[in-house]
S.K.: 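Sharing a structure below in structure tokens format, with a few things to ask.
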Number of protein chains: 2
Amino acid sequence: MLLQSALSRAEQASERAEISLTSKRKNVLALLMAAERPVSAYELADLYREGFEQSVPPMSIYRMLDFLTENNLAHKLNSENKFISCAHATCEHSHGAPQFLICEQCHKVKEAAIDKSIFIELEKAVEKAGFVLTNPQLELKCLCNECAQAGKQTD
Amino acid sequence: MLLQSALSRAEQASERAEISLTSKRKNVLALLMAAERPVSAYELADLYREGFEQSVPPMSIYRMLDFLTENNLAHKLNSENKFISCAHATCEHSHGAPQFLICEQCHKVKEAAIDKSIFIELEKAVEKAGFVLTNPQLELKCLCNECAQAGKQTD
DNA sequence: GCCGGAAATGATATACCATATCATTATCGG
DNA sequence: CCGATAATGATATGGTATATCATTTCCGGC
Ligand SMILES: [Zn+2]
Ligand SMILES: [Zn+2]
Ligand SMILES: [Zn+2]
Ligand SMILES: [Zn+2]
């Protein structure tokens, strides 16, 4: 079961991060990991009820998500109003500026670090325009190869 | 009055674009231009009532915004759930992939074209990850120089 | 000018996302 | 055990977005 392996991964992450990952936070993280796609806070509340047979109010989910995102165990996709587990939640990989490739068709998301050279060029361009980059997170609307392929056939 | 000059600019834009820019759409565009910052559809409904002494339901505002964004006269900032007039609404400048620098402090926004070399590198990186860039629009959380300066003093 | 279809707008309902606030419970060192 | 702090629950409310059907406006053909 996906949830099972996600749980053990969340366990590992919890041990690595020296932070108070309570059982509910861990469960929310596990649900995010099992989802493998962005989910909303309200969806998580539903998933929690179904997966753990306990009702958790959305308000609490939001707070747990705050915690998880502050600790880079999860991310918020601002352009989607959804959340996703960090691709590096289970490795010690230090967390740089993330970049999300979002398939507009199947909503699969791939997280990667922003390419170093791109990052530097971006910073330069921003500075030139009279701004300072503070919280770089790129969310790029794409098609995954599968969906791009499928699209071509029906064109 | 800002609205007045925005109206004439909207007029120009309307003439340039060979599209059916109705008077209400033009008014919404004028309001966006006068705002000079991102505004929500519901804010626009309020502004419309105040500015033109006529009540327009949010639903209609959304539709007019759809039209304006489809024709690159306005843009939606997906990460803010707000709308902004296109910086090139009044020039014949063909519209490439836009990039928005958003001041997290004062919410000023600057629109610029994505730097060509950055765009190419982005496309390469995306392709390498098994995706195809479809609708490139960068929304970068920044501080404008004024706010960055102000921030330093109070640190 | 009248007519009929298409486009635009209005009206209403509803779903979904997010936060504010106060109450309650869990946790932990002393 | 106590008191402080952190975490969670409960409730209310606000903000954003869409679905659907009704009405009006616009425009070309007659
Ligand atoms: Zn991450
Ligand atoms: Zn896909
Ligand atoms: Zn533009
Ligand atoms: Zn600023």
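Quick caveat, the model's predicted, so the values are computed rather than measured. Each chain gets a letter, A, B and so on, in the order the sequences are listed, and its residues count up from 1.
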S.K.: Across the strands shown, which category fits A/Arg63 at heavy-atom distances under 4.0 angstrom: base, sugar-phosphate, nothing?
M.R.: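 If one applies the 4.0 Å heavy-atom cut-off, A/Arg63 turns out to touch a base.
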S.K.: Rounded at 0.5 Å granularity, tell me how far CD in A/Glu121 sits from NZ in A/Lys116.
M.R.: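 The distance works out to 13.5 Å.
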S.K.: In this structure, is the centre-to-centre distance between the rings of A/His75 and A/Phe100 below 6.0 Å?
M.R.: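 Centroid distance A/Phe100-A/His75: below 6.0 Å, so yes.
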S.K.: Is the closest side-chain donor-acceptor distance between A/Glu139 and B/Ser79 under 3.5 Å?
M.R.: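 Judged by distance alone, the side chains do not pair up.
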S.K.: Do A/Glu36 and A/Lys108 meet the salt-bridge criterion of a basic N to acidic O distance under 4.0 Å?
M.R.: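 Judged by the 4.0 Å cut-off on N to carboxylate O distance, A/Lys108 and A/Glu36 do not form a salt bridge.
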S.K.: Would you call the rings of A/His95 and A/His88 parallel, tilted or perpendicular, taking 30° and 60° as the class edges?
M.R.: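 A/His95 and A/His88: perpendicular rings.
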S.K.: Salt-bridge test for A/Asp46 and A/Arg49: reply yes if a basic N is under 4.0 Å from a carboxylate O, no otherwise.
M.R.: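 Yes.
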S.K.: Would you call A/Glu43 and A/Arg37 a salt bridge, taking side-chain N to carboxylate O under 4.0 Å as the test?
M.R.: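 A salt bridge links A/Glu43 with A/Arg37.
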S.K.: May I ask you to test the B/Pro38-B/Val109 pair for a side-chain heavy-atom distance under 4.5 Å?
M.R.: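 When only atoms from C-beta onward are counted, B/Val109 and B/Pro38 do touch, with a gap below 4.5 Å.
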S.K.: To the nearest angstrom, how far is A/Gln54 atom CD from D/dA7 atom P?
M.R.: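 Whole-Å distance recorded here is 17 Å.
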S.K.: Considering only heavy atoms of chain B and a distance under 4.0 Å, specify the first and last nucleotide of DNA chain C in 5' to 3' order that meet this criterion.
M.R.: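 Nucleotide range in contact with chain B: C/dA8 to C/dT12.
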S.K.: Classify every nucleotide of nucleotides 12-17 of chain D by which part a protein heavy atom approaches to under 4.0 Å, writing B for the base, S for the sugar-phosphate alone and - for neither, in 5'-to-3' order.
M.R.: ----BB
